[in-house]
Amino acid sequence: VFNLGERVEGYTNFLWTLLLSLGLLLRVPAEVSSRVLGTLFGALSLLVCTLAMRALRTGGLLSRAAPLVPGAPLVPFDAVPALFLCGVPGYACWSSGGLETQLFAFLVTLGACLYLIERERGQVAPGSALCFGLAALTRPEGLLFFGLTGLHLAAAHLFSKRLRPSPAEWRWLGLFLLLVVPHFLWRRAYYGYWLPNTFYIKSSGGSGAFGQGAYYLLVFCREQKIFLMPLLGLLGLLARETPAAARHRRLLSYVLLLSGVFLLYVVSVGGDFMGLHRFLMPIVPMNVLLGALGLYRLLSPLGAPARAAAVSLLLLLHAANTVAVDRYALGFIDADRGIDTPGYLRYYTADRAAIGKWFGQYVRPDDYQVVGGAGAQVYYAGIRALDSYGLSDAYVAHKVPAISSRPGHQKFAPLDYVLSRHPTLLTYNLYKIENAPYRPSPAEAEMWRARGFHYVSVQVPGLSKPWYSFLKRVDRSLGPLPRAADLD
């Protein structure tokens with residue numbers, strides 16, 4: 001829980017939360033373990049794509065009789081998906097961004113590749129079900145990916161006129177349900193809802209959510225250029241028929257199904273407010289794999305020097321795009337239609353971390369803070385808090401109507417509700433980070449005094465601007481800040 005005693009599932013990523021909590025038990029700070037684990041899973045996805053490329057190219061891992069061991073030697077082209085993936089703007093960012101993005105992307109990618117291997121062998125197996133089950137424990141969208149995989153399998157059976165599931169397929173479904181259903185039942189019993197509190201906030205829509213999501217997708221296409229990968233996959237169908245052609249067609253149909261439905265879902269909820277498209281990273285590896293296979297089949301008739309030249313040219317163009325996108329993402333310290341650049345997120349988080357560390361020196365156990373965005377500030381302050389956007393508050397999530405289309409910011413705690421929580425500190429949309437102490441007008445000061453608060457200002461080390469002003473309850477002292485009565 002976010003606040004002890006309040007049963008609200010204020011996180012979207014159950015499995016990731018468990019992993020970080022294990023690190024905390026070992027006295028590894030979450031801000032360290034999250035980056036290390038994110039980078040590890042990002043690297044593991046590169047390995048999965050390399051091995052999957054070899055399998056798709058040669059069938060070495062895909063024959064019915066072959067065990068899951070290397071069936072053919074690696075060649076330089078097998079590294080092409082990993083090289084393209086490394087250069088995707090945002091892939092490295094969301095490896096070290098501290099969130100569950102790369103764990104989820106790894107589980108989805110591994111599950112999808114194992115599913116294709118199992119299908120080639122003639123029967124689905126526990127490996128892919130296990131991966132998708134763990135993905136569903138990481139993020140709710142894992143349910144969607146497993147459902148789409150089941151739909152792809154059902155469509156293949158319908159095409160072959162085999163309508164009755166096999167015993168292996170029932171076991172495949174059973175393993176997934178064995179992982180997912182207990183967690184759902186526990187969540188419903190413990191928190192009172194079937195899905196995380198954060199899901200109800202971020203999928204609450206609001207006027208303009210679809211338009212915001214469409215813009216998010218437009219920026220993704222403009223910056224990441226991933227749409228070129230399924231185009232290469234389609235062009236690869238024009239290549240001459242080879243033993244890899246059937247694997248290519250299966251991969252194409254599967255990736256288009258996963259990507260098409262998932263993109264529609266992301267657009268419908270308005271996308272995300274964090275730049276470089278962390279929400280879309282889970283489908284990127286499979287799209288890159290599809291594009292690489294299409295490219296391989298197109299270039300196969302050429303000699304090795306011509307293939308190397310063509311791939312090198314594409315990688316250079318890809319790298320040039322990445323440099324341009326990353327320079328903008330880190331250098332533009334602002335938001336683009338509600339989408340914060342990573343540079344702005346880093347700047348904002350550094351300020352909030354500094355403020356949180358300052359509060360952590362002085363707050364008392366019974367202090368209660370209202371914040372706008374409960375991230376680094378609350379983490380470092382170690383204080384009970386209300387996130388005014390409702391990510392960790394059931395009332396805001398379920399009772400307050402959406403007022404915005406910006407993802408994660410659709411709802412906002414009304415002032416009456418905020419005051420009903422009896423906070424001692426108000427720093428939500430009221431804080432001021434300036435070069436000088438904030439001086440409210442007499443009317444504003446009187447309005448807050450009538451509610452039991454007054455503005456205070458402190459100099460916080462490490463802030464982008466030296467002074468931080470916020471509202472403190474008049475009858476409380478806080479470190480160097482005395483009670484209001486002591487100032488009168």
Side-chain angles (χ1 to χ4, degrees), residues 1-13 17 20-21 24 29-31 34 98-99 190-193 196-202 273 345 348-400 408-433 448 451-458 460 462-463 468-479 481:
V1 296
F2 191 79
N3 294 316
L4 291 178
E6 297 179 13
R7 290 196 178 188
V8 181
E9 190 176 9
Y11 56 88
T12 312
N13 41 30
T17 301
L20 298 190
S21 67
L24 292 174
E31 63 270 30
S34 61
L99 299 175
Y190 191 82
Y191 294 114
Y193 296 97
N197 194 74
T198 51
F199 179 84
Y200 296 104
I201 290 287
K202 295 185 177 183
F273 75 94
L345 291 170
Y348 182 93
T349 303
D351 269 356
R352 268 64 207 169
I355 293 166
K357 290 173 182 176
W358 184 89
F359 275 115
Q361 301 174 76
Y362 305 116
V363 291
R364 296 185 233 167
D366 60 338
D367 273 321
Y368 190 85
Q369 185 176 25
V370 181
V371 295
Q377 183 170 330
V378 172
Y379 175 76
Y380 285 109
I383 186 175
R384 298 176 68 247
L386 167 67
D387 172 17
S388 56
Y389 292 109
L391 294 174
S392 58
D393 187 83
Y395 177 84
V396 177
H398 296 278
K399 302 296 183 181
V400 175
H409 300 73
Q410 292 100 325
K411 299 186 175 187
F412 197 78
L415 180 58
D416 288 347
Y417 175 68
V418 166
L419 295 178
S420 74
R421 303 302 300 267
H422 306 293
T424 56
L425 303 165
L426 295 178
T427 62
Y428 77 117
N429 277 23
L430 302 166
Y431 58 81
K432 313 284 182 181
I433 299 178
W448 283 112
R451 290 177 166 87
F453 292 89
H454 69 134
Y455 267 109
V456 292
S457 298
V458 292
V460 175
L463 278 188
Y468 180 67
S469 303
F470 58 97
L471 286 159
K472 178 179 70 66
R473 212 167 73 190
V474 296
D475 61 347
R476 298 295 286 259
S477 62
L478 182 72
L481 302 172

Shortest non-hydrogen separation from Gly372 to Asp387 and the atoms involved
C-OD1, 4.4 Å
Compare every heavy atom of Trp448 with every heavy atom of Leu426, then report the nearest pair and how far apart it is.
CD1-CZ3, 3.7 Å
How long is the straight-line distance from CZ of Phe359 back to OG1 of Thr427, given to the nearest 0.5 Å?
6.0 Å
Show your working on side-chain contact (heavy atoms from CB on, under 4.5 Å) between Val474 and His454 and close with a plain yes or no.
CA-CA 6 Å; Val474 296; His454 69 134; 4.0 Å; yes
side-chain contact (heavy atoms from CB on, under 4.5 Å), that's the test. Do Val396 and Tyr417 meet it? Break it down for me.
CA-CA 9 Å; Val396 177; Tyr417 175 68; 4.1 Å; yes
Tell me every residue that passes side-chain hydrogen bond (donor to acceptor under 3.5 Å, both in side chains) with Tyr11, counting only those two or more places apart in sequence or in another chain.
Tyr191
Ile383 and Gln377, any side-chain heavy atoms less than 4.5 Å apart:
no
Looking at Phe470 versus Tyr455, is the centre-to-centre ring distance below 6.0 Å?
no
What is the distance from atom CD of Gln369 to atom OG1 of Thr424, rounded to the nearest 0.5 Å?
7.5 Å
Does Glu6 use its side chain to pair, donor to acceptor, with the backbone of Leu4 at less than 3.5 Å?
no
Relative to each other, are the rings of His398 and Tyr193 parallel, tilted or perpendicular (30° and 60° limits)?
parallel
Looking at CZ of Phe199 and CD of Glu9, how far apart are the two atoms once the value is rounded to the nearest 0.5 Å?
12.0 Å
Starting at CZ of Arg384, measure out to CG of Asp367 and round the result to the nearest 0.5 Å.
10.5 Å
Do Arg476 and Leu481 pass the side-chain contact (heavy atoms from CB on, under 4.5 Å) test, and can you show the C-alpha distance, the side-chain angles, and the key distance before you say yes or no?
CA-CA 9 Å; Arg476 298 295 286 259; Leu481 302 172; over 6 Å; no
Quick test of your reading: applying ring pair (Phe, Tyr, Trp, His ring centres under 6.0 Å), list the pairs with at least one residue in residues 367-387, sequence neighbours left out, ordered by first then second residue.
none
Testing the basics here: between Ala354 and Val460, what is the closest heavy-atom pair and its distance to 0.1 Å?
O-CG1, 3.6 Å
On a heavy-atom basis, the closest approach of Ala397 and Asn197 is CB-OD1, 3.3 Å
Ignoring hydrogens, what is the shortest heavy-atom contact between Val378 and Ala385? Give both atom names and the distance.
CG2-CB, 3.7 Å
Using side-chain contact (heavy atoms from CB on, under 4.5 Å), reason through Leu386 and Tyr395 one step at a time and then give a plain yes or no.
CA-CA 11 Å; Leu386 167 67; Tyr395 177 84; over 6 Å; no
Should Asp393 and Lys411 count as an ion pair when the cut-off is N to O under 4.0 Å?
no
To check you understand the geometry: which heavy-atom pair defines the closest contact between Leu478 and Lys472, and what is its length?
CB-CD, 3.9 Å
Distance in Å, Ser457 OG paired with Ile433 CD1, rounded so as to fall on 0.5 Å steps:
11.5 Å
Gap between atom CG of Leu391 and atom OG1 of Thr198 - 0.5 Å precision:
7.0 Å
Between Pro414 and Val400, is any pair of side-chain heavy atoms under 4.5 Å apart?
yes
